[in-house]
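In what follows, a single structure is set out as structure tokens and then discussed.
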Amino acid sequence: MSWLKDMSKDKKINKIKSSVFSRSLSMAKMTFNAGASLAGHNIKNTFSTKEDKASSWKKLVKSQAQAVSTELGELKGSLMKAGQMLSMYGEHFLPPDANAFLKGLQSNSPALNWTVIEPVLKKNLSTEQLDQLVVEHEALSCASLGQVHRARIKATGEEIVLKIQYPDVDKAIDSDLRALKTLLGIMKLVPKDLDLNPIFSEVHEMLVQETDYHLEAKLTQAFYNKLKDDPRFVVPKVYPEFSNNKILATSYEESHRVDAIEIQSLSETRRNQIAIHFLDLYLKELFSWGLVQTDPHIGNYGVRLEKNGQDKLVLYDFGATREYDIKFMGPYRRMIQAALYADEKNLRKAAQELQFLDPTDKSELKALFEEFCFEFVEPFLAADDPRLPIGVMDQEGNYDWKNTDLPQRLSKKILQVIRQHSWRTPPREIIFLDRKSGGVFIFMSVLRARCQGRDLLVKYLDSSSG
């Protein structure tokens with residue numbers, strides 16, 4: 001969860017439906033309304049042309065997403081978060097209508113008023129602990145699972161932030177995910193032969209993890225320890241004396257969002273330096289540590305400007321950090337390496353180990369998947385690689401992350417796979433790596449980066465084992 005959005009002028013809400021019973025009633029209402037809307041749509045369009053049916057269907061999907069999103073904003077909890085997670089996954093592996101619906105769930109989530117949050121603090125921190133703090137009543141930021149308030153330790157004057165979990169959101173995860181799966185089914189947004197159980201299992205596991213603030217404190221500390229001697233990065237310090245399973249206290253770290261005017265107006269040299277540091281961290285997490293912060297929303301990364309021009313990346317929110325073992329990372333690394341060097345034989349071998357492909361798959365499906373992989377590594381290709389589209393890279397090997405249609409081309413390729421072939425569910429580990437990759441591209445694009453990433457990738461691929 002980003003700290004970088006000022007919530008002071010946003011709408012506030014005075015209560016949320018935190019009990020499983022009240023949430024279930026709201027979701028039953030949403031499901032009923034979705035079913036009724038679909039039935040009405042079908043009757044209305046019985047004799048419509050194919051074009052009119054397609055247009056009407058898009059309007060229905062959009063209106064239902066808006067209706068559900070409005071309700072979710074006041075429910076809080078894991079259903080909105082799950083929709084956000086699945087929409088990142090859906091960029092490459094779900095039909096466009098399903099992804100449009102899931103993206104529609106990502107409306108701004110209003111903050112809870114202080115009168116609602118204060119009892120949560122009093123329940124989870126003792127009077128003695130609270131007496132040591134001055135807590136600001138306005139939320140610094142908020143999301144679907146909790147919100148952040150700035151505070152000051154009276155004795156030392158240290159500025160900290162308290163990440164406060166909304167009441168009982170952890171208890172509603174199972175029912176929320178059932179409701180989302182039901183909604184997708186009623187709206188007929190997912191092919192019947194696409195098994196979503198592994199995907200929902202992975203999302204469930206991550207949601208349980210993200211509501212465990214003890215674990216997030218450990219993960220934050222792990223990143224702090226790994227990066228404390230690297231001057232390019234800042235990781236907040238954990239304050240265990242004010243932290244528990246529902247409250248996470250960390251140091252307040254000042255920075256600018258990457259899309260802020262202060263960062264956007266930097267010279268290309270400084271923006272490219274920030275981009276390279278970000279890319280280096282991404283590859284280090286993936287190929288050196290096997291420990292990946294899988295929620296790369298641009299709000300989870302800040303930039304601290306330095307007078308000497310050696311700007312720092314400030315890293316926020318480690319709740320979605322996931323560990324990847326060598327059993328997965330070995331063939332995944334080999335698949336990326338094979339894609340980089342256009343090695344079709346080893347690409348297919350690694351893809352089969354990961355169960356992206358099967359030896360019995362049609363040659364057309366294998367070719368489409370290979371093309372997808374070859375395009376996926378496009379920002380890391382050599383400047384003279386014949387696979388490069390015209391204009392995306394200069395002679396020095398600097399890739400233009402902003403002025404490229406690569407995300408659209410990748411989505412189009414996967415859509416071809418879904419439409420033309422019976423596509424199995426990808427390995428569950430890839431869900432959040434896909435989200436990470438998409439977020440990395442967005443970050444680099446927002447920075448308008450023009451930089452060479454090939455040497456970095458080759459370095460990490462060569463130093464990895466597996």
Next item on the list: Determine which pairs satisfy salt bridge (charged side-chain N to carboxylate O under 4.0 Å, His left out) with at least one residue from residues 152-161, sequence neighbours left out, and list them in order.
Entry: Arg150-Glu159
Next item on the list: Inspect the surroundings of CD in Glu128 and state if more than 12 heavy atoms from other residues, nucleotides or ligands are less than 6.0 Å away.
Entry: no
Checklist line | Heavy-atom side-chain contact between Leu406 and Glu375 under 4.5 Å | finding: yes
Notebook entry, point to check: After noting the C-alpha distance and the side-chain angles of Thr404 and Tyr399, does the key distance pass the side-chain hydrogen bond (donor to acceptor under 3.5 Å, both in side chains) rule?
Noted result: CA-CA 9 Å; Thr404 174; Tyr399 189 80; 3.1 Å; yes
Item checked: Check: Gln147 and Gln165 side chains under 4.5 Å, non-hydrogen atoms -> no
Item checked: Contact list for residues 262-271, test salt bridge (charged side-chain N to carboxylate O under 4.0 Å, His left out), sequence neighbours left out -> Arg270-Asp311
Check: Do Glu216 and Lys163 sit within salt-bridge range, that is, some charged N less than 4.0 Å from a carboxylate O?
Finding: yes
Next item on the list: Could you tell me whether the side chain of Asn124 reaches within less than 4.5 Å of the side chain of Val120, counting heavy atoms only?
Entry: yes
Notebook entry, point to check: Does Arg232 come within less than 4.0 Å of Asp230, counting only side-chain N to carboxylate O?
Noted result: yes
Note to self: Is it true that, when you exclude Phe233 itself, more than 12 heavy atoms of the residues, nucleotides or ligands shown sit nearer than 6.0 Å to its CZ?
What the structure shows: yes
Next item on the list: Would you please classify the geometry between the Trp114 ring and the His137 ring as parallel, tilted or perpendicular, with 30° and 60° separating the classes?
Entry: parallel
Margin query: Any heavy-atom pair between the side chains of Asn225 and Gln221 that's under 4.5 Å?
Written below: yes
Notebook entry, point to check: Listed by chain and number, what are the salt bridge (charged side-chain N to carboxylate O under 4.0 Å, His left out) partners of Glu285, not counting sequence neighbours?
Noted result: Lys436
